[in-house]
Each structure stands twice: as structure tokens, then as C-alpha cells.
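Accompanying notes for the structure given below.
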Amino acid sequence: MQQIINFVLRNKTFLMFMLLFGLSIALTIQNHNYHRSKFLNSTNFISGGLFEIKFGITQYFGLKNDNELLLEENKNLRSQLLNQHQTEANSTIDSINISGNYVIYSAQVYKNSYALNNNYLTINKGSKDGINQDFGVFTSKGIIGIIDATTNGYSRVQSILNTKSRINAQIKNSSHIGSLRWNAKSPQIVQMVDVSKFAPVKNGDTIITGGQSSIFPKGILIGLVDKINLEPGGDTYSIDVELFNDMTNIGHVYVVENKDSKEIKSLDINNE
């Protein structure tokens, strides 16, 4: 306390000057519209900047919750689209044909490999969430793979970047189909094999799921034709397909269940 008193006594002139200076500024702002408006604008600018920073921080920490809500809404919309009755022979919405009895689940990728010959992903939904083996997995950009194993809370996805993967595919602008495989050379390119040499196909054509299996509905995006190779013997094409998905950067995914799959598989067994 004594130190404060000594400081005031030693600096009386300086403190008096600062007091008068403050009063003069206050009187100037109070009695001159121009100065008052400038002061208020400066105050508003500072407070506005602080509110903007606060809002940005709040928005950042709310992103996770917002993303989960959006994912849930998208899941419900896709489920509705897939389950609408087909009113026209070739009616499509969002590149997915409206047919079948499908249920859509949302999930998040916990682990993803893409540099091996046989790659897998792990997602945070399992049997307790209704996920089972042979459910298809895709994103808004295209297919990811097929569920091959589940635990109570997690599932393993056999990636399309897996030499064991076999997925029915189709050239979008025709009815010609083939089998989607991977030669383990590039995570951006997969191969569509056994395509008829009579198929009208060119670079840049879109490849989609063919719907001739009990896993994926027809019309889910896969990628674009990058290169066309006539197989030895000259009866079929092998097509390099550039994937729409960046398989090295997968976050949220959708899992699709075909509720008619058991019935379809029973017919396939009888045919065999």
C-alpha cells in the first residue's frame, strides 16, 4: 500500500495529465457527432470481431454434431429413394434406380487400408446395429466394398481394392455388364472384365453397379472408363475404371441391406 502511495506522490503531474487527457477525450466524443460516431464504430468493430471469433469457435466444435445430423438425414433420404415404387422403366434419382426393398445405415470408417493386395476397412457399426455379412458399402460418390465379417459393434469391409473382390458392374448408357475386379496396381483404378466386344463403350463413359446381385441396387456410381483393352481371343473387353471415390480418404459411409437377399440367394442355390 505504501508503495502505491509513494508512486502517486512521485507521479502527481503525470497522473493529473492522464486524467485531464481522458476527460478531454470523453468530452470530445460526447460533444462532437463525428468523433462520437468514429468511437462507436471502432467499438462495434472490436466487439463484432470478438463475436465473430466466438461464433467461429462455437461452429467448429459443433461440426461433429452437425455432420452426424446431416449423415442421418442423408441416410433417411436415400432409404426413401430406394424404396419408392418404380413408376417408369428407367426412372432414376441421384444415380440410384428406384426399386427393391432396401434399408440404409450410416457409419464411420475407423480404419482403412489401400496399399496392400487385399485391403479392408473397419466401420463403427456391427450386428447390434443390424449390420450383417454381404451388405454393400458406398458413399455419395460411389461404392466402397462389401461387409465380410461383423462383431457386436464393428464390421469389416472387403474393399474394392482387394484382389478377391467381385462386384457386378454395368456401362451406364447400355445394358452391357461385367465383373469389377482389382489388379493391385493403383488405388485409383479398378478393372471391369468380361465385357462383350459388342458393347458400345468409350473413354469417359460412366460405370455403375449392375443390380444383378443381392447386394447392391442397380445404379450406384463406380467411376469413369479410363482405358479399353480387347482381351486375347477378341471376344471381350477389359476396361480400366477410374474410381469416383478417393479410396485413400474415406470418412462417412452408407451400408445398404437388401431385405430380399435371402429369397434371391435361395433361388440362386436352386439354380445351381
Side-chain angles (χ1 to χ4, degrees), residues 71 73-86 88-109 112 119 121 123 125 131-148 155 157-162 165-182 187-193 195 201 204-226 239-247 249-261 264:
L71 194 65
E73 289 178 4
N74 287 336
K75 180 199 76 172
N76 292 332
L77 287 172
R78 288 181 179 277
S79 183
Q80 292 173 29
L81 290 174
L82 287 174
N83 286 293
Q84 287 184 18
H85 293 292
Q86 187 170 359
E88 296 180 10
N90 295 317
S91 178
T92 60
I93 294 181
D94 193 22
S95 300
I96 299 176
N97 279 359
I98 309 167
S99 61
N101 185 16
Y102 296 99
V103 177
I104 303 294
Y105 307 87
S106 61
Q108 187 171 5
V109 173
N112 177 24
N119 294 291
L121 303 91
I123 61 174
K125 296 291 177 68
I131 308 297
N132 287 303
Q133 190 177 19
D134 290 337
F135 286 11
V137 182
F138 65 102
T139 71
S140 58
K141 294 182 178 180
I143 64 170
I144 296 295
I146 298 171
I147 301 288
D148 82 325
S155 297
V157 182
Q158 180 177 280
S159 171
I160 54 174
L161 303 182
N162 189 307
S165 178
R166 302 288 186 272
I167 296 174
N168 176 251
Q170 178 184 324
I171 301 168
K172 185 179 180 181
N173 60 5
S174 78
S175 297
H176 289 87
I177 62 171
S179 179
L180 201 69
R181 304 184 183 184
W182 188 51
Q188 285 84 40
I189 303 291
V190 295
Q191 287 66 47
M192 182 177 174
V193 300
V195 181
V201 59
D205 282 351
T206 299
I207 304 299
I208 59 176
T209 52
Q212 296 190 12
S213 74
S214 60
I215 299 175
F216 287 105
K218 182 178 179 179
I220 295 181
L221 295 171
I222 296 175
L224 298 175
V225 174
D226 181 66
I239 299 172
D240 284 349
V241 180
E242 183 179 3
L243 297 170
F244 287 126
N245 268 319
D246 177 1
M247 293 298 294
N249 183 26
I250 304 296
H252 296 291
V253 296
Y254 300 103
V255 181
V256 57
E257 172 191 1
N258 183 353
K259 301 197 77 171
D260 294 331
S261 62
I264 295 170

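FYI, the numbering just counts along the sequence from 1.
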I'd like to check the side chain to side chain donor-acceptor pair (under 3.5 Å) partners of Glu242; sequence neighbours left out, ordered by chain and number. none
Start with the C-alpha gap between Val253 and Phe138, add the side-chain angles, then the distance that decides, and say whether side-chain contact (heavy atoms from CB on, under 4.5 Å) holds. CA-CA 6 Å; Val253 296; Phe138 65 102; over 6 Å; no
Quick check: do Leu224 and Thr206 have side-chain heavy atoms less than 4.5 Å from each other? yes
Contacts of Asp148 that satisfy salt bridge (Lys or Arg N to Asp or Glu O under 4.0 Å) - sequence neighbours left out: Arg156
Please verify the inter-ring angle class for Phe135 with Tyr105; under 30° counts as parallel, over 60° as perpendicular, anything in between as tilted. parallel
Does the Trp182 side chain pair with the main chain of Pro187, one donor and one acceptor, at a distance under 3.5 Å? no
Within-4.5 Å side-chain heavy-atom neighbours: Ile189 and Leu243: no
Among Leu121, Val109, Ile160, Asn112, the one residue meeting side chain to side chain contact (heavy atoms under 4.5 Å, CB included) with Ile144: Leu121
Partner residues of Asn245 under the side chain to side chain donor-acceptor pair (under 3.5 Å) criterion, sequence neighbours left out: Thr139
For Ile177, check side-chain contact (heavy atoms from CB on, under 4.5 Å) against everything at least two apart and list the hits. Asn168, Gln170, Gln212
Locate the shortest heavy-atom distance separating Ser165 from Ser159; write the atom from each residue and the value. CB-O, 3.7 Å
Taking all non-hydrogen atoms of both residues into account, name the closest pair between Tyr102 and Ile215 and its distance. CE2-O, 4.5 Å
List the residues meeting side-chain contact (heavy atoms from CB on, under 4.5 Å) with Ser174, not counting sequence neighbours, and say none if there are none. Ile171, His176, Pro200
Kindly indicate whether the side chain of Tyr254, heavy atoms from C-beta on, has any atom under 4.5 Å from the side chain of Val137. no
Heavy-atom side-chain contact between Phe216 and Ile146 under 4.5 Å: yes
State, yes or no, whether a side-chain contact exists between Ile143 and Leu180 at a heavy-atom distance under 4.5 Å. yes
Which atom of Asp240 lies closest to which atom of Gln191, heavy atoms considered: OD1-NE2, 3.3 Å
Is a side-chain donor or acceptor of Lys125 paired with a backbone partner of Ser106 at a separation under 3.5 angstrom? yes
Excluding sequence neighbours, so at least two apart, what forms side chain to side chain donor-acceptor pair (under 3.5 Å) with Asp226? none
Between Thr209 (side chain only) and Ile220 (backbone N and O only), is there a donor and an acceptor less than 3.5 Å apart? yes
How long is the span from the CD atom in Gln133 to the CD atom in Gln158, to the nearest 0.5 Å? 10.0 Å
Less than 4.5 Å apart, side chain to side chain, heavy atoms only: is that true for Arg166 and Arg181? yes
Is the closest side-chain heavy-atom distance between Ile147 and Ile123 below 4.5 Å? yes
Please enumerate all residues that pass side chain to side chain donor-acceptor pair (under 3.5 Å) together with Asp205, with sequence neighbours excluded. Lys202
